[in-house]
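This report refers to the structure that appears directly beneath it.
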2 protein chains.
Amino acid sequence: MLHGHSRSDASSLLQSRGERATPARKAVLDILLGASSALSHADIDAQTRSRGQPLDRVTLYRVLDWLVSHGLAHRIAAEDRVWRYNVAHDQDHGHAHFRCSGCGQVFCLNELRPAFAVSLPEGFHFQQAELTIQGLCPTCNKP
Amino acid sequence: MLHGHSRSDASSLLQSRGERATPARKAVLDILLGASSALSHADIDAQTRSRGQPLDRVTLYRVLDWLVSHGLAHRIAAEDRVWRYNVAHDQDHGHAHFRCSGCGQVFCLNELRPAFAVSLPEGFHFQQAELTIQGLCPTCNKP
DNA sequence: CCCGGTCATGCAACAGGATTGCAAATATCG
DNA sequence: CGATATTTGCAATCCTGTTGCATGACCGGG
Ligand SMILES: [Mn+2]
Ligand SMILES: [Mn+2]
Ligand SMILES: [Zn+2]
Ligand SMILES: [Zn+2]
């Protein structure tokens, strides 16, 4: 599983946008940059805690909201009704997601972009398509 | 918006399956049969209440679970992390859904069935695809 | 038609995820 | 440095959904 970013990007990423690079933001962004799958609030909380720099629960929620609203992360809603977060890979937000029915992990499929002109019933107006693939991740797929 | 079923189907539907036709089940199934979009627990609760036959919150959850596990309803997870329910239209469960970004309503697109051979990264095993269209419903689309 | 086992219901308590209000701490800029 | 705006922490609350347990209803066999 490829990580794609080096661990020290967090601060520079924030600074390059002219945004306040607070410890909480750096820590969370750093964790997201190092993740191979989308992380839940609980996942991130556990990591901050094991790194010895625990954040308040609410602060973590707010940092995540902030990252999303500033285009640095994106948020995925899965069937278990838990938000999961991932660094925003590029500008577009149209890629598909993969959810493992074994372990529940969620992965972004950055290459896979649902692009089809769908014909909707009378009166409906199309804005965006969202595609989620379900299956087994490499780990759960092992025999 | 088409309803597709007559209101008295509920009892017969249950009886034709040799299942207990309790008042709660009849009421909930009846409400689902009369709905033009998928209904949340809260929606259904409000309707039972306004019909003067309120159900216990837990009973409603259990009736809904029961309907789903017996193939009489199906359940949709939307971005707002609320389950929505719909009568099961036919055997297949592979159709797409439409979520209105204006009012939040969810509609089944029974005709639209995602059928594409998707190429996943190495090691991932495909099981099922889930497609959700986002846009404006006929009501919210009005100028 | 009624009796009894099985299944359904109601109520209370609980769980997990997320949000809100508010005061204290921190950053940024002149 | 001090004024101002932003961020953080903590407590309380909300919302959706679940679990345990006792009571009540359904329905097939007698
Ligand atoms: Mn993604
Ligand atoms: Mn549907
Ligand atoms: Zn897995
Ligand atoms: Zn709408």
Side-chain angles (χ1 to χ4, degrees), chain A residues 10-11 14-31 38-49 51-70 72-85 99 104 106, chain B residues 10-31 38-49 51-70 72-85 99 104 106:
Chain A
S11 305
L14 289 164
Q15 281 163 356
S16 74
R17 307 229 175 180
E19 302 287 355
R20 290 193 184 180
T22 68
R25 286 176 189 168
K26 285 189 279 190
V28 174
L29 189 50
D30 190 51
I31 288 170
L39 300 181
S40 67
H41 177 277
D43 293 335
I44 299 169
D45 184 55
Q47 276 201 239
T48 60
R49 215 157 289 281
R51 286 182 180 201
Q53 40 180 222
L55 291 175
D56 181 77
R57 249 159 42 81
V58 178
T59 300
L60 177 48
Y61 277 116
R62 290 198 271 229
V63 165
L64 288 168
D65 280 354
W66 185 91
L67 289 172
V68 170
S69 70
H70 287 70
L72 287 162
H74 85 285
R75 194 163 81 148
I76 310 162
E79 290 260 320
D80 58 4
R81 303 182 318 289
V82 170
W83 292 121
R84 285 186 177 74
Y85 300 83
R99 191 168 61 86
V106 174
Chain B
S11 305
S12 25
L13 236 175
L14 289 166
Q15 282 163 356
S16 74
R17 307 230 176 178
E19 302 288 356
R20 288 196 186 179
T22 69
R25 286 176 189 169
K26 285 188 279 190
V28 174
L29 189 50
D30 191 51
I31 289 170
L39 301 181
S40 67
H41 178 275
D43 294 335
I44 299 170
D45 185 54
Q47 276 200 242
T48 59
R49 216 158 289 282
R51 286 182 179 199
Q53 40 181 225
L55 290 175
D56 181 77
R57 247 163 42 81
V58 178
T59 301
L60 177 47
Y61 277 115
R62 290 199 270 229
V63 165
L64 288 168
D65 280 354
W66 186 93
L67 288 172
V68 169
S69 70
H70 286 71
L72 287 161
H74 85 286
R75 197 163 81 145
I76 310 162
E79 290 261 319
D80 58 5
R81 305 182 318 288
V82 169
W83 292 120
R84 286 186 176 73
Y85 299 84
R99 191 167 60 85
V106 174

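Note on naming: letters A, B, ... go to the chains in the order of the sequence lines (proteins, then strands), and numbering restarts at 1 for each one. Hydrogens, waters and symmetry mates play no part in the numbers below; they use all other heavy atoms, side chains included.
Taking a 4.0 Å limit (strictly below) on heavy-atom distances, residues 16-24 of chain B reaches DNA chain D at B/Arg20, B/Ala21, B/Pro23.
With sequence neighbours left out, the salt bridge (charged side-chain N to carboxylate O under 4.0 Å, His left out) criterion links B/Arg57 to no other residue. Applying the salt bridge (charged side-chain N to carboxylate O under 4.0 Å, His left out) criterion to B/Asp43, with sequence neighbours excluded, gives no partner residue. When the side-chain hydrogen bond (donor to acceptor under 3.5 Å, both in side chains) test is applied to A/Asp56, no partner is found at least two apart in sequence or on another chain. Checked against ring pair (Phe, Tyr, Trp, His ring centres under 6.0 Å), A/Trp66 has the following partners two or more places apart in sequence or in another chain: A/His70.
A pairwise comparison of heavy atoms in A/Leu29 and A/Ala10 identifies CD2-O, 3.8 Å as the closest pair. Of all the heavy atoms in B/Ala21 and B/Lys26, the pair that sits closest is O-CE, 3.6 Å.
Rounded to whole Å, the distance from CG on B/Asp43 to P on D/dC15 is 15 Å. B/Asp56 places its CG atom 14 Å from the C1' atom of D/dG20, with the value rounded to the nearest Å. Taking atom CH2 on B/Trp66 and atom C1' on C/dC7, their separation rounds to 11 Å, with Å as the unit.
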Do A/Leu55 and A/Asp45 pass the side-chain contact (heavy atoms from CB on, under 4.5 Å) test, and can you show the C-alpha distance, the side-chain angles, and the key distance before you say yes or no?
CA-CA 7 Å; A/Leu55 291 175; A/Asp45 184 55; 5.6 Å; no
Verify side-chain contact (heavy atoms from CB on, under 4.5 Å) between B/Tyr85 and B/Leu64, making sure each step is shown before the conclusion.
CA-CA 8 Å; B/Tyr85 299 84; B/Leu64 288 168; 3.6 Å; yes
The contact string for nucleotides 15-25 of chain C, one letter per nucleotide 5' to 3', using protein heavy atoms under 4.0 Å with B, S and - for base, sugar-phosphate only and none, comes out as --SBBBB----
